[in-house]
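Read the structure below first, then the notes.
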Amino acid sequence: MTDINCKTIFKASKLLLVLMLLQVSACTGQVKEKTVSDKTEDEVSDKHLTIKQNTIFPQIHTNLNGMVRQFVRTIHQDRKGNYWFGTNGDGIIRYDGQTLEKIHIVGISPHIRVLEIVEDKAGNVWFGTSDGLVKYDGQKFETFSITEGEKGFDEEIWGLAIDKNKLLWVGSIGGLYHFDGDQFIPFPLPNSMVENPEHKLSDKLVKKIIEDKSGAIWLVTDGNGIFKYIKGEFTHLTTKNGLTDNNTADILEDSQGNIWIGTYYGGVSKFDGKTFTNFTKDGIIEGIETYNFHEDSKRNVWFTAEGYGVYRYDGVSFTQFTTENGLTTNVVQSIFEDNKGQLWFGTWQGLCIFNSEKFVNANEIETWTN
């Protein structure tokens, strides 16, 4: 089956994102793990968008035995080797070495979006979802609500990070918090704002959080640039002091200490602590919307350019990979390297793996993905 035109995919993805953001999550309740069949999934409401089975687009590559209707937006492999797939509306999927299953947590919709997955030093796996914060301690799941009472839009968690002091940072639609294991403690940002901000979701949203080697916390906001926090002091990075675009989408510190920044309208840049280098403006990178940064075990930096496939930077030059190179589609939503050195790509048309030579359907290498 031929690849769908990337512009069509892009427009459809934007429409679907807006529709999904209007959904209100269910209330919390007792936590229990069990597997649910994909037959219980809701059908896509707009039949005109349904092309094949429950998927929005034809799945050229595996969609985890039909469990994923849209795409996998985040992947994590824990210290025990379990694979965790966070989906865009189909909840949490796990492979424990024997069974591929969809996880159902009582009190949470099976159709939650999973926006971030991190693991702490104790081996607990944390999920930032559209229904709040979820913790898995190896035996059971537990949910934590930011607001008391019925959950709403503010519960949606995009940013999640654990710093060197084991402090959990949480960025939600409603603002930035520290989580102490029991309650969410607000951590307000400065009132500094860019001129004429263009918020996509919320002026309080912190979408991405990382801690760099110096212990500084980098906070990617929704339309208000980036805040750098260290030793009680904030620095506000905007287009006025070198940021390529105030609508930032993703951030990564590489092994050399460089900060990579992806934006919605300004492409990708690298910050060495003093100078910003904008590779998109310089004509090296195609595509103005960039995100999904990942540094692999060989120190290559990978990222997505919306509609233009993925790029790999080897420290000297960039290599672009598209459908012409075997990529499933030019719209990629997640990049992850497992403990075998395999790079996984979650796309709009299924999961594929780059095995150091070429892109292949994930189930050609990992047959359990079906």
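Using cut-offs of 30° and 60° on the angle between ring planes, the pair Phe184 and Phe179 is tilted. Note on ring orientation: taking the six-membered ring where Trp is involved, the planes of Tyr83 and Trp344 are tilted (angle from 30° to 60°).
Residue Trp169 shares its hydrophobic cluster (ILVMFWY side chains chained together at separations under 4.5 Å) with Leu167, Leu176, Phe187, Leu189, Val206, Ile209, Ile217, Leu219, Phe227, Tyr229, Phe234. Applying the under-4.5 Å side-chain rule to Ile, Leu, Val, Met, Phe, Trp and Tyr, the cluster around Ile230 consists of that residue alone.
Between Trp218 and the options Thr248, Leu252, Leu237, Thr235, a side chain to side chain contact (heavy atoms under 4.5 Å, CB included) holds for only Leu237.
Atom-to-atom distance recorded for Thr263:OG1 and Glu289:CD is 8.5 Å, nearest 0.5 angstrom. For the atom pair CG of Asn258 and CG of Asp212, the computed distance is 11.5 Å after rounding to the nearest 0.5 Å. The CG atom of Leu133 sits 6.5 Å away from the CZ atom of Phe144 when rounded to the nearest 0.5 Å.
With sequence neighbours left out, the salt bridge (Lys or Arg N to Asp or Glu O under 4.0 Å) criterion links Glu357 to no other residue. In terms of the salt bridge (Lys or Arg N to Asp or Glu O under 4.0 Å) criterion, Glu211 has no residue partners (sequence neighbours excluded). Trp302 meets the ring-ring contact (aromatic ring centres under 6.0 Å, His included) test with Phe321, Phe345, Phe354; sequence neighbours excluded. The salt bridge (Lys or Arg N to Asp or Glu O under 4.0 Å) search around Lys207 returns none, not counting sequence neighbours. When the side chain to side chain donor-acceptor pair (under 3.5 Å) test is applied to Thr367, no partner is found at least two apart in sequence or on another chain. Scored by the ring-ring contact (aromatic ring centres under 6.0 Å, His included) test, Phe293 finds Phe303 as partners (sequence neighbours excluded). Applying the salt bridge (Lys or Arg N to Asp or Glu O under 4.0 Å) test to Asp137 and every residue at least two apart in sequence or in another chain returns Lys140.
For Lys121, the NZ atom sits in a loose shell: 12 or fewer heavy atoms of surrounding residues, nucleotides or ligands are nearer than 6.0 Å. Within 6.0 Å of NZ on Lys166 lie no more than 12 heavy atoms contributed by other residues, nucleotides or ligands.
A donor and an acceptor atom, one from each side chain of Ser255 and Glu295, are located under 3.5 Å apart. Remark: the Gln70 side chain and the Asn88 side chain contain an N/O donor-acceptor pair separated by less than 3.5 Å.
Looking at Glu253, its side chain never comes within 3.5 Å of a backbone N or O of Ile210 through a donor-acceptor pair. In this structure, Thr99 contributes its side chain and Glu101 its backbone to no donor-acceptor pair below 3.5 Å. Judged by distance alone, with hydrogens and angles left aside, the side-chain atoms of Asn292 form a donor-acceptor pair with the main-chain N or O of Gln333 at under 3.5 Å.
Screening residues 331-348 for salt bridge (Lys or Arg N to Asp or Glu O under 4.0 Å) gives Lys340-Glu366 as the qualifying pairs, with residues at least two apart or on separate chains. Listed by first and then second residue, the salt bridge (Lys or Arg N to Asp or Glu O under 4.0 Å) pairs that reach into residues 222-239 come to none, sequence neighbours excluded.
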Show me the donor-acceptor pairs within less than 3.5 Å that the side chains of residues 278-287 make with the rest of the protein, sequence neighbours left out.
| from | atom 1 | to | atom 2 | distance (Å) |
| --- | --- | --- | --- | --- |
| Asn278 | OD1 | Thr280 | N | 3.0 |
| Asn278 | OD1 | Lys281 | N | 3.0 |
| Thr280 | OG1 | Val268 | N | 2.9 |

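Taking 4.5 Å as the limit, some side-chain heavy atom of Leu100 sits within range of a side-chain heavy atom of Leu64. Two residues are said to be in side-chain contact when any heavy atoms from C-beta on lie closer than 4.5 Å; Glu119 and Lys80 fail this criterion. A 4.5 Å side-chain heavy-atom check between Leu343 and His294 finds at least one atom pair inside the cut-off. Side chains of Leu351 and Ile75 form a contact here, defined as non-hydrogen atoms less than 4.5 Å apart.
Under the 4.5 Å side-chain contact rule for hydrophobic residues, Ile226 and Met193 do not share a cluster. Both Ile117 and Val134 are members of a single hydrophobic cluster when ILVMFWY side chains are connected at heavy-atom separations under 4.5 Å. Under the 4.5 Å side-chain contact rule for hydrophobic residues, Ile259 and Phe276 share a cluster. By the rule that hydrophobic residues join a cluster once side-chain heavy atoms approach within less than 4.5 Å of another member, Phe359 and Ile335 end up as members of one cluster. Both Ile365 and Val68 belong to a single network of hydrophobic side chains, linked directly or stepwise wherever heavy atoms of I, L, V, M, F, W or Y lie under 4.5 Å apart.
The cationic group of Arg73 lies under 6.0 Å from the six-membered ring centre of Trp158 and within 45° of the ring axis, placing it in a cation-pi geometry.
Ring centroids of Phe127 and Trp84 are separated by less than 6.0 Å, placing the two rings close together.
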